[in-house]
There are 2 protein chains.
Amino acid sequence: MKSSIRTERKKEIIAGFYELCKRDGLENVSIAKIGNHLKMPPSLIIHYFSNKRLLVLGLIDFILHQYQLIYKPIILKSEKDSKLDPNLLVDRLFSREWNLLFDDGVFFSCYAFTFRDKTIKEEYKKLHLKLRKTLKTILDKDEGLSSKNTELLAEKIFVVIEGAYYYLSMIDDPKEYNHKLGIFKGQVLDLIQP
Amino acid sequence: MKSSIRTERKKEIIAGFYELCKRDGLENVSIAKIGNHLKMPPSLIIHYFSNKRLLVLGLIDFILHQYQLIYKPIILKSEKDSKLDPNLLVDRLFSREWNLLFDDGVFFSCYAFTFRDKTIKEEYKKLHLKLRKTLKTILDKDEGLSSKNTELLAEKIFVVIEGAYYYLSMIDDPKEYNHKLGIFKGQVLDLIQP
DNA sequence: ATTTATATTGAATGAACATTCAATAAACAA
DNA sequence: TTGTTTATTGAATGTTCATTCAATATAAAT
């Protein structure tokens with residue numbers, strides 16, 4: 001295993017960086033703090049990520065990967081199904097089986113970078129396009145939708161999902177949360193079977 | 001005019017803070033930099049906002065106020081109309097007459113705070129609820145919608161608008177941008193007149 | 001005009017910051 | 001085993017950070 005130490009250490013550092021971001025906010029995490037958290041000198045962190053920008057890019061890579069993972073079980077389950085069950089799909093799309101390693105706060109802190117960094121913006125865009133494409137192939141399995149533009153449909157579905165999670169993040173009360181979640185699920189269902 | 005100097009200076013400082021956030025990102029703006037930008041010593045900034053947290057809260061107040069202003073012309077115009085024209089309303093809702101003093105990057109940087117600060121989260125939520133309420137009263141003017149639950153409708157419309165702007169922020173190419181914008185406008189229109 | 005309150009300045013503080021460097025330890029290849 | 005590369009350490013760098021303080025200037029109130 002060539003350079004496995006390097007790979008493992010880099011993973012460890014990013015994971016530690018992520019944990020502190022979750023707890024303290026991206027803007028309050030320094031290299032020294034990460035070092036302290038992981039019990040390693042800051043110079044070791046710089047040894048692997050030669051400056052802070054690269055460290056942040058590493059974090060963004062990580063968080064986008066985790067974001068993708070949220071949708072993985074949905075895709076796998078839907079691929080197994082012989083036919084498309086709209087209700088089941090909608091439930092799955094809104095289930096967001098939360099990964100311990102995905103945090104909306106960190107995600108949006110990183111998202112804010114897209115407004116000043118073209119590379120980061122492209123990475124974010126690429127992921128979002130990919131998720132839409134995947135949803136399209138799932139929708140294409142349904143014969144009832146064969147007359148429909150499933151690409152358009154996937155676009156419309158995801159815009160509701162993303163708007164919903166943006167908005168639902170502000171709501172703490174579980175009752176209110178579930179009520180609104182129901183509304184948005186219904187909205188997506190209406191798109192699939194009008 | 002009691003303490004008008006204080007009020008004006010505070011405004012000036014927040015405006016300068018905002019400008020630098022827009023240019024350099026919230027995480028890269030220090031009190032010293034704001035002072036430099038406005039040609040005043042950092043101690044004067046601390047004189048008005050006794051610590052950085054209060055300064056950030058001031059910025060959030062400001063950006064939420066500006067966010068509200070985006071929708072003001074839409075509301076004013078719609079209030080003047082005697083009847084509701086769905087096409088016109090959708091055009092207005094998606095026009096986002098960009099204020100020079102509103103920047104999505106700063107907005108989302110501040111939004112990220114909602115995940116770690118309950119007060120900020122409440123402020124964000126309050127604004128979003130208010131905008132939905134306003135849209136409901138606009139929708140209520142239409143007799144054709146009298147049989148409908150306009151509160152529900154406003155909720156569904158805004159979730160598309162917010163999801164749309166989140167997603168559209170990643171798209172630079174004007175052609176692609178307008179194409180997708182058209183899709184989301186259509187989606188909202190379908191909600192109003194099924 | 002005098003007192004009182006506020007605004008403004010600039011210098012100073014210690015802590016935290018990202019990054020560099022030279023030295024040592026461990027892993028790996030020959 | 002020896003030589004070479006990589007991992008790890010800890011001390012040191014100069015810079016920037018938020019905040020404090022005492023001194024002065026300006027405005028408001030009496």
Side-chain angles (χ1 to χ4, degrees), chain A residues 1-62 106 109-110 112-113 116-117 120, chain B residues 1-62 106 109-110 112-113 116-117 120:
Chain A
M1 275 193 202
K2 205 174 136 194
S3 78
S4 83
I5 294 177
R6 187 175 174 85
T7 311
E8 287 307 302
R9 265 279 188 271
K10 289 188 84 172
K11 269 192 207 168
E12 186 191 357
I13 291 166
I14 294 294
F17 187 16
Y18 161 79
E19 281 165 28
L20 292 183
C21 284
K22 191 170 150 179
R23 205 188 63 191
D24 303 336
L26 180 58
E27 70 281 6
N28 297 314
V29 180
S30 67
I31 293 176
K33 278 181 187 166
I34 301 169
N36 211 50
H37 183 63
L38 299 173
K39 283 163 204 326
M40 60 174 74
S43 50
L44 189 55
I45 294 169
I46 293 279
H47 173 70
Y48 289 112
F49 299 88
S50 27
N51 56 58
K52 207 182 177 184
R53 189 185 131 78
L54 289 181
L55 196 59
V56 171
L57 288 180
L59 178 72
I60 289 173
D61 248 31
F62 172 79
V106 181
S109 284
C110 292
F113 278 102
R116 275 168 301 110
D117 189 314
I120 297 172
Chain B
M1 278 192 202
K2 203 175 141 195
S3 77
S4 83
I5 293 176
R6 186 175 174 85
T7 311
E8 286 308 302
R9 265 280 187 271
K10 288 188 86 170
K11 269 193 207 167
E12 186 191 358
I13 291 166
I14 293 294
F17 188 16
Y18 162 77
E19 282 165 29
L20 291 183
C21 285
K22 192 170 150 180
R23 207 188 61 192
D24 302 336
L26 180 58
E27 70 281 6
N28 298 313
V29 180
S30 68
I31 293 176
K33 277 182 189 168
I34 301 169
N36 211 50
H37 183 63
L38 299 174
K39 281 160 204 329
M40 59 174 73
S43 51
L44 189 56
I45 294 170
I46 293 278
H47 173 70
Y48 289 112
F49 300 88
S50 30
N51 56 56
K52 209 184 176 184
R53 188 184 132 79
L54 290 180
L55 196 59
V56 171
L57 288 179
L59 178 72
I60 289 174
D61 248 31
F62 172 79
V106 181
S109 285
C110 292
F113 279 100
R116 276 168 300 111
D117 190 312
I120 296 173

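In the text below, chain A, chain B and the rest are named by the order of the sequence lines, each starting its count at 1.
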Sequence-distant partners of B:Y48, ring-ring contact (aromatic ring centres under 6.0 Å, His included), two or more places apart:
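Partners of B:Y48 by the ring-ring contact (aromatic ring centres under 6.0 Å, His included) criterion come out as none, since no residue qualifies.
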Who passes ring-ring contact (aromatic ring centres under 6.0 Å, His included) against B:Y18, sequence neighbours left out?
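If we apply the ring-ring contact (aromatic ring centres under 6.0 Å, His included) test to B:Y18, skipping adjacent residues, the hits are B:F62.
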Quick note, ring-ring contact (aromatic ring centres under 6.0 Å, His included) partners involving residues 24-46 of chain B, not counting sequence neighbours, are none
How would you list, by chain and number, every residue that makes a side chain to side chain contact (heavy atoms under 4.5 Å, CB included) with [X], sequence neighbours excluded?
| X | result |
| --- | --- |
| B:N51 | B:R53, B:L54 |
| A:I31 | A:P42, A:I45, A:I46, A:K52, A:L55 |
| A:S43 | A:P41 |

Carboxylate-amine/guanidinium proximity below 4.0 Å for A:K22 and A:E19:
no
Of all of residues 19-30 of chain A, which get a heavy atom below 4.0 angstrom from DNA chain D, listed by number?
none
Between the protein and nucleotides 19-27 of chain C, which nitrogen or oxygen pairs are less than 3.5 angstrom apart?
{"unit_1": "C:dT19", "atom_1": "OP2", "unit_2": "A:K52", "atom_2": "N", "d": "2.8"}

With sequence neighbours left out, the residues meeting side-chain hydrogen bond (donor to acceptor under 3.5 Å, both in side chains) with A:H47 are none
Which residues pass the salt bridge (Lys or Arg N to Asp or Glu O under 4.0 Å) test with A:R116, sequence neighbours left out?
B:E27
Sorted by chain and number, sequence neighbours left out, salt bridge (Lys or Arg N to Asp or Glu O under 4.0 Å) with A:K10 holds for none
Establish, with yes or no, whether the OP1 or OP2 oxygen of D:dT8 is under 4.0 angstrom from a side-chain nitrogen or oxygen of A:Y48.
yes
D:dT8 phosphate, OP1 or OP2: any side-chain N/O from A:R9 under 4.0 angstrom?
yes
Tell me the bend of the helix from C:dA1-D:dT30 to C:dA30-D:dT1 as the angle between end helix axes, each from five pairs, rounded to the nearest 10 degrees.
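The angle separating the two end axes equals 20°.
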Roughly, in whole Å, what's the span from CG in B:L44 to P in C:dT9?
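Answer to the nearest Å: 6 Å.
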